[in-house]
Asker: 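The structure under discussion is supplied below as structure tokens; questions concerning it will follow.
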Amino acid sequence: MDIEQKQAELIEYFVKQAEIHKGLSLGNLIVEATSHSSLFGFSEILSVPNVVQLQGTEHSVYLDLLRLFAHGTWSDYKSNSGRLPPLVPDQVLKLKQLSVLTLAETDKVLPYDNLMQELDVSNVRELEDFLINDCMYAGIVRGKLDQLRRCFEVQFAAGRDLRPEQLGGMIQTLETWLNTSDNLLHSIQEKIKWADTMSELDKKHRKEVEDKVDDIKKSLT
Amino acid sequence: DNSLARQVSSLLRRLPAIESGKFQDDFLMEYNDTLLVTYLAMITNC
Amino acid sequence: TDAIYFYDEANHAKIQQQKPWTTDPHYFKRVKISALALLKMVVHARSGGTIEIMGLMQGKVDGNTIIVMDAFALPVEGTETRVNAQADAYEYMVDYSQTNKQAGRLENVVGWYHSHPGYGCWLSGIDCSTQMLNQQFQEPFLAVVIDPTRTVSAGKVEIGAFRTYPEGYKPPSEPVSEYQTIPLNKIEDFGVHCKQYYSLDVTYFKSSLDNHLLDLLWNKYWVNTLSSSPLLANRDYVAGQISDLAEKLEQAETQVHSRMGSMIPSKKKEDDSQLAKITRDSSKITVEQVHGLMSQVIKDILFNSVHH
């Protein structure tokens with residue numbers, strides 16, 4: 001999880017800054033955070049009281065912008081661009097990177113056509129450059145580009161900020177995993193017990209046979 | 001802890017580690033081959 | 001933990017002078033091998049594939065323990081098919097040892113290692129004569145054998161350390177060593193010489209730097225362990241073992257038949273022990289296969305049955 005280690009300091013810095021800024025300067029700070037090349041987690045900043053208080057003020061667009069970067073995608077921005085501040089190139093790049101993480105949440109194999117449509121990329125070369133230079137080198141995804149099948153096989157993707165409704169599902173999955181592991185452990189222990197019992201029976205049987213052989217030998221002599 | 005939540009979310013997304021018809025076929029083939037070797041060993045024992 | 005890496009020249013000279021091994025053919029009882037030397041020997045043995053490789057070990061002596069600090073490969077090929085391949089490398093060995101001393105590495109050569117790909121760790125006839133020669137002129141000298149193929153299949157290093165007895169020496173009765181499968185084409189060699197040598201206890205040690213480096217590799221080690229499967233990695237080896245087993249069965253069968261035909265009372269005992277060995281070998285093979293399958297099933301349940 002080196003991506004988390006890398007951005008931990010950045011998150012701490014922007015949270016501290018958000019606690020001492022208000023109004024427009026807080027808005028500018030949000031633009032700076034959503035433009036920073038190594039920052040991909042925004043929940044911590046979203047939960048700073050000053051940021052929450054932007055709601056309903058003339059600067060609430062910056063709160064919406066931060067929410068977009070925490071949970072949204074490039075398509076979400078395009079369908080709401082009228083109500084959001086215009087994005088600088090760094091923000092556009094970051095939102096596209098975050099869009100790849102969202103796509104990787106549901107599928108392990110991302111077809112190029114979906115990616116090109118989702119990211120507004122016109123050709124494969126540009127798409128592959130983006131995936132290699134701006135995603136894999138940034139450490140947010142690891143995987144394999146399959147030119148023949150025109151798809152990107154994701155082996156690892158950094159986690160995005162959780163939407164509140166996702167927590168239940170995650171806990172459910174962890175519980176299932178825990179139960180599976182417990183059941184497996186129990187069945188292994190049962191198998192070990194079974195093997196011990198069988199080996200005891202086998203030894204007993206072998207002893208009986210040897211005793212019988214000895215008896216017969218004695219009776220013969 | 002948002003960072004931990006992101007890490008757990010990333011980990012869980014990797015499950016199932018591998019899931020494809022081809023893997024299932026290979027897996028079952030290995031399984032059957034091993035059972036066959038075991039069967040042969042039992043016959044050898046007998 | 002790093003004190004062992006210090007070379008005590010005076011102590012070495014004293015031991016060389018006393019030569020305690022000359023009065024007791026069983027003097028050396030233990031071997032300590034450094035993590036570095038072990039890794040280098042195993043990687044070298046693996047690189048040889050099915051060809052035997054050979055190299056030398058540097059180190060020192062501490063009481064009745066031989067301590068192997070480092071190892072280096074010799075530019076020779078094949079050992080079992082040739083008499084003492086080491087002879088080809090004398091010039092290289094002399095150069096290497098001298099250059100080492102100039103570089104401040106004071107340890108002397110304390111032994112040789114070679115590989116037995118797929119047929120276990122023991123000394124063959126050629127190995128015994130080579131080691132006896134070394135023990136005459138290069139004491140203290142140790143013979144180490146590594147089986148790279150079984151190392152992969154068993155998931156732990158298959159290694160043996162041996163010392164030969166002097167010519168004509170009658171060793172006390174040895175405790176029965178752990179049973180191991182010997183392929184048919186080697187079985188003659190194995191039986192004949194096993195009284196000429198004895199094996200030493202092998203332990204390993206590592207430095208604090210080794211610890212640090214191995215810790216850094218821990219994740220990679222785990223990923224490799226979880227993503228590899230002995231069922232797939234050892235296919236050729238298992239196929240070879242099963243075909244060797246088939247040959248042994250046929251041989252046993254012909255012997256039983258030939259015994260039945262003639263009047264000579266059958267050496268039932270020997271056939272039994274031979275057949276018993278064959279059944280042990282077949283059980284061993286299948287137990288390893290079942291272990292491989294069990295790990296696959298466990299990994300499949302753990303990592304493939306949970307859906308996000």
Side-chain angles (χ1 to χ4, degrees), chain A residues 1-12 14-15 39-48 70-71 98 101-109 139-143 153-178 180-181 202, chain B:
Chain A
M1 294 304 174
D2 36 15
I3 186 72
E4 288 293 340
Q5 284 153 3
K6 252 193 258 177
Q7 65 183 0
E9 278 173 34
L10 278 171
I11 290 173
E12 200 176 332
F14 281 109
V15 164
L39 183 61
F40 296 95
F42 302 95
S43 295
E44 290 84 349
I45 304 170
L46 258 179
S47 50
V48 173
H71 308 308
L98 293 167
L101 296 187
T102 298
L103 289 172
E105 272 179 9
T106 44
D107 296 305
K108 283 200 166 83
V109 179
I140 58 173
V141 288
R142 270 198 308 274
E153 291 175 9
V154 182
Q155 287 152 6
F156 160 79
R160 278 200 78 173
D161 294 304
L162 255 67
R163 288 182 289 281
E165 69 275 9
Q166 280 178 311
L167 212 49
M170 214 165 83
I171 292 170
Q172 175 67 40
T173 307
L174 283 170
E175 269 167 6
T176 312
W177 201 3
L178 181 63
T180 306
S181 312
D202 187 44
Chain B
D1 181 334
N2 292 293
S3 168
L4 192 62
R6 284 193 291 266
Q7 293 185 58
V8 171
S9 149
S10 166
L11 175 69
L12 290 184
R13 197 178 313 132
R14 299 173 80 176
L15 291 178
I18 187 165
E19 185 188 38
S20 76
K22 184 167 178 340
F23 169 76
Q24 219 48 31
D25 296 346
D26 289 351
F27 180 73
L28 290 178
M29 188 185 69
E30 287 301 332
Y31 198 108
N32 292 332
D33 288 354
T34 306
L35 293 184
L36 181 63
V37 167
T38 309
Y39 185 59
L40 281 174
M42 287 308 116
I43 293 177
T44 310
N45 267 340
C46 301

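Note that the structure is predicted; figures quoted are calculated from it, not measured. Convention: sequence-line order gives letters A, B, ...; per-chain numbering from 1.
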Asker: Just wondering, are more than 12 heavy atoms of other shown residues or ligands nearer than 6.0 Å to CD in A/Glu9?
Answerer: no
Asker: Between A/Leu167 and chain B, which part of the residue has a heavy atom less than 4.5 Å away: side chain, backbone, both or neither?
Answerer: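 Neither part; nothing is under 4.5 Å.
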Asker: Non-hydrogen atoms of chain A under 4.5 Å away: do they reach the side chain of B/Leu4, the backbone, both or neither?
Answerer: neither
Asker: Answer with side chain, backbone, both or neither: which region of A/Ala157 has an atom nearer than 4.5 Å to a non-hydrogen atom of chain B?
Answerer: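 The answer is both parts of A/Ala157.
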Asker: Taking all heavy atoms of B/Arg13 and all of A/Ala158, pick out the closest pair and write down the distance.
Answerer: NH1-O, 3.5 Å
Asker: Between A/Gly159 and B/Ser10, which heavy-atom pair has the shortest distance, and what is it?
Answerer: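 Closest heavy-atom pair between A/Gly159 and B/Ser10: N-CB, 3.4 Å.
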Asker: Could you tell me whether the side chain of A/Lys108 and the main chain of B/Pro16 form a donor-acceptor pair under 3.5 Å?
Answerer: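 Present.
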Asker: Just wondering, more than 12 heavy atoms not from B/Phe27 lying within 6.0 Å of its CZ?
Answerer: yes
Asker: How far apart are the closest heavy atoms of B/Ala5 and A/Met170, and which atoms are they?
Answerer: O-CE, 3.9 Å
Asker: For B/Tyr39, is the OH atom crowded, meaning more than 12 foreign heavy atoms sit under 6.0 Å from it?
Answerer: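 At most 12 heavy atoms, drawn from other residues, nucleotides or ligands, come within 6.0 Å of this atom.
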Asker: Between atom CG of A/Leu174 and atom CG of B/Leu11, what is the distance when rounded to the nearest 0.5 Å?
Answerer: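 A/Leu174 CG to B/Leu11 CG: 8.0 Å, rounded to 0.5 Å.
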Asker: Quick check: closest heavy atoms across B/Asn2 and A/Ser43, and the distance to 0.1 Å?
Answerer: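 For B/Asn2 and A/Ser43, the tightest heavy-atom pair comes out as OD1-CB, 3.2 Å.
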Asker: Kindly compute the distance separating CG (A/Leu162) from CZ (B/Arg6), expressed to the nearest 0.5 Å.
Answerer: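 Spacing of CG (A/Leu162) from CZ (B/Arg6) equals 9.0 Å.
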Asker: For A/Gln155, is there any backbone N or O sitting under 3.5 Å from a side-chain donor or acceptor partner on B/Arg14?
Answerer: yes
